[in-house]
Amino acid sequence: MSRISSTYQSLKQHNRTALIPFITAGDPSPQNTLEIMQALVRHGADIIELGVPFSDPMADGPVIQRANERALEQGISLSGVLDMVEQFRRSDTRTPVILMGYLNPIEIFGYEEFALRAEAAGIDGVIIVDLPPEEAAPLNRHLRDRQIDQIFLVTPTTTERRIESIAGIASGFLYYVSVKGTTGGKGADPAGIKDRLRLVRQKTDLPVAVGFGIRDAGTAARVADYCDAVVIGSALVEAIHAAVTAGDDIAAQVGSFLAPVRHTLDKAA
């Protein structure tokens, strides 16, 4: 059983919602990424979503766009991100790590070589924002051969037929984008999410995570009533950058941000 499946199974047995924080690899610096990942785990992360810096992150709002720019300015590449995860695995063999990014760096790498390197580094899943399911089979085959889950996005405008198509090739979980637009935009609407997730769950037995528009513990708890996991990204990236700007301890800031979210999710369970 994969780390992702095992994590969801364990959480379900204890009636807990998975907390998936997102950070951008290499932001604020390559040296800080390992420290931040470890702090996320200490303060309640069940799965870590690690953004691969890219020059044109079309699904991301200004906060994560700037994080991408800061990381790229320091020379962070897909290979460098895999090296970071490999380093993380020396002290943590339990927490699933998912890469979220765009297709171009993987195409340059080569599908088979990427899958091999990702497996060696300890990657559990990938989300490729700009790879539609109709074109996913060549990469998906290599990922499945290496027991790496390919996680797909479902949005408020995804048709019922397309949800069925996505569910047919996805593994690990489905990622429901709770708002129309980019990351870090308007807040999620729990009532609207409830209706859409009812439809999604009719099409798949996979766990469903909700992300985009979740900025605080209160919203996370309300959304958790309808899903298996909540993803929180832009607000966390913002908090990390604020700590750097103020000269504060980054790991402590990560804890101050994430621990209340974990506490609120567990209290609401």
Side-chain angles (χ1 to χ4, degrees), residues 1-13 16 18-23 25 33-34 37-38 40-41 45-52 77-154 163-176 200 203-209 211 227-229 231:
M1 181 181 292
S2 71
R3 272 187 287 249
I4 291 175
S5 296
S6 177
T7 295
Y8 276 114
Q9 186 178 86
S10 176
L11 290 167
K12 185 175 182 179
Q13 289 172 351
R16 298 177 72 223
L19 176 56
I20 308 178
F22 169 96
I23 61 169
T33 299
L34 176 61
M37 292 175 73
Q38 291 170 336
L40 292 172
V41 175
D46 297 297
I47 298 171
I48 293 174
E49 186 180 333
L50 196 59
V52 179
S77 64
L78 175 55
S79 182
V81 175
L82 294 172
D83 289 343
M84 292 176 193
V85 177
E86 191 168 12
Q87 187 179 9
F88 174 73
R89 285 284 173 238
R90 294 172 191 165
S91 61
D92 188 320
T93 59
R94 181 186 61 84
T95 306
V97 176
I98 297 165
L99 297 185
M100 184 170 186
Y102 297 83
L103 184 60
N104 184 262
I106 295 174
E107 286 193 320
I108 293 171
F109 221 98
Y111 289 171
E112 183 175 13
E113 179 62 21
F114 167 71
L116 289 168
R117 279 289 311 278
E119 179 191 33
I123 298 297
D124 299 284
V126 297
I127 302 169
I128 305 169
V129 176
D130 56 345
L131 178 61
E134 296 85 357
E135 300 176 17
L139 175 58
N140 190 267
R141 182 175 65 252
H142 289 297
L143 294 175
R144 286 182 180 269
D145 286 347
R146 309 259 66 90
Q147 287 77 55
I148 298 171
D149 290 317
Q150 187 167 1
I151 298 149
F152 287 87
L153 304 176
V154 176
I163 293 171
E164 290 178 352
S165 174
I166 291 170
I169 60 172
S171 60
F173 62 93
L174 291 182
Y175 187 132
Y176 180 72
V200 172
K203 308 300 179 183
T204 184
D205 293 327
L206 289 171
V208 180
C227 64
D228 304 288
V231 183

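Quick caveat, the model's predicted, so the values are computed rather than measured.
Summarising the geometry, atom OH belonging to Tyr102 is positioned 11.0 Å from atom CD1 belonging to Ile127; distances are rounded to the nearest 0.5 Å. Annotation: the span from Met84 atom CE to Arg89 atom CZ amounts to 15.0 Å, rounded to 0.5 Å. Here CG of Asp149 is found 7.5 Å from CG of Asp124. Values are rounded to the nearest 0.5 Å. Residue Leu34 holds its CG atom at 9.0 Å from CZ of Arg90, rounded to the nearest 0.5 Å. Distance check, rounded to the nearest 0.5 Å: CZ of Arg94 to OG of Ser6 gives 9.5 Å. Taking CG of Leu40 as the reference point, atom CZ of Phe22 lies at 11.5 Å (rounded to 0.5 Å).
In terms of heavy atoms, Ala121 sits closest to Leu82 at CB-O, 3.4 Å. Listed here is the closest heavy atom pair of Ala115 and His142: CB-O, 3.7 Å. Taking every heavy atom of both residues into account, Gln150 and Ala136 meet most closely at NE2-CB, 4.0 Å. The two residues Ala209 and Ile20 make their nearest non-hydrogen contact at CB-CD1, 4.3 Å. Heavy-atom minimum distance, Ile148 versus Ala118: CD1-CB, 3.7 Å. The two residues Asp46 and Pro96 come nearest to each other via the heavy atoms O-CD, 3.2 Å.
Between Ile123 and Arg146, the closest side-chain pair of non-hydrogen atoms is not below 4.5 Å. Within the 4.5 Å cutoff, the side chain of Phe88 has no heavy atoms near those of the Leu50 side chain. In this structure the side chain of Val52 never reaches within 4.5 angstrom of the side chain of Ile106, judged on heavy atoms. Between Phe114 and Leu99 there is a side-chain heavy-atom pair separated by less than 4.5 Å. Under the 4.5 Å side-chain criterion, counting only non-hydrogen atoms from C-beta, Phe152 is in contact with Pro133. When side chains are defined from C-beta on, Ile98 counts as touching Ile4, because their heavy atoms get closer than 4.5 Å. Looking only at side-chain heavy atoms (C-beta outward), Asp228 and Phe173 stay at 4.5 Å or farther from each other.
Contact check on Arg117 versus Asp83 returns a salt bridge, with a Lys/Arg side-chain nitrogen under 4.0 Å from an Asp/Glu carboxylate oxygen.
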- Task: Start with the C-alpha distance between Met100 and Ile151, add both sets of side-chain angles, then the distance that settles side-chain contact (heavy atoms from CB on, under 4.5 Å), and finish with yes or no.
- Result: CA-CA 9 Å; Met100 184 170 186; Ile151 298 149; over 6 Å; no

- Message: Please evaluate residues Asp145 and Glu112 with respect to the criterion side-chain contact (heavy atoms from CB on, under 4.5 Å), reporting the C-alpha separation (whole Å), side-chain torsions for both, the decisive distance (0.1 Å), and the verdict.
- Response: CA-CA 10 Å; Asp145 286 347; Glu112 183 175 13; over 6 Å; no

- List the steps, then state whether side-chain contact (heavy atoms from CB on, under 4.5 Å) holds for Ile166 with Thr204. CA-CA 9 Å; Ile166 291 170; Thr204 184; over 6 Å; no

- List the steps, then state whether side-chain contact (heavy atoms from CB on, under 4.5 Å) holds for Leu78 with Ile108. CA-CA 10 Å; Leu78 175 55; Ile108 293 171; over 6 Å; no

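At distances below 3.5 Å, at least one donor-acceptor pair connects side-chain atoms of Asp130 with backbone N or O atoms of Leu103. Under the 3.5 Å distance criterion, the side-chain polar atoms of Thr7 are matched with a main-chain donor or acceptor of Arg3.
For Asp92, the side-chain hydrogen bond (donor to acceptor under 3.5 Å, both in side chains) criterion is met by Thr95, not counting sequence neighbours.
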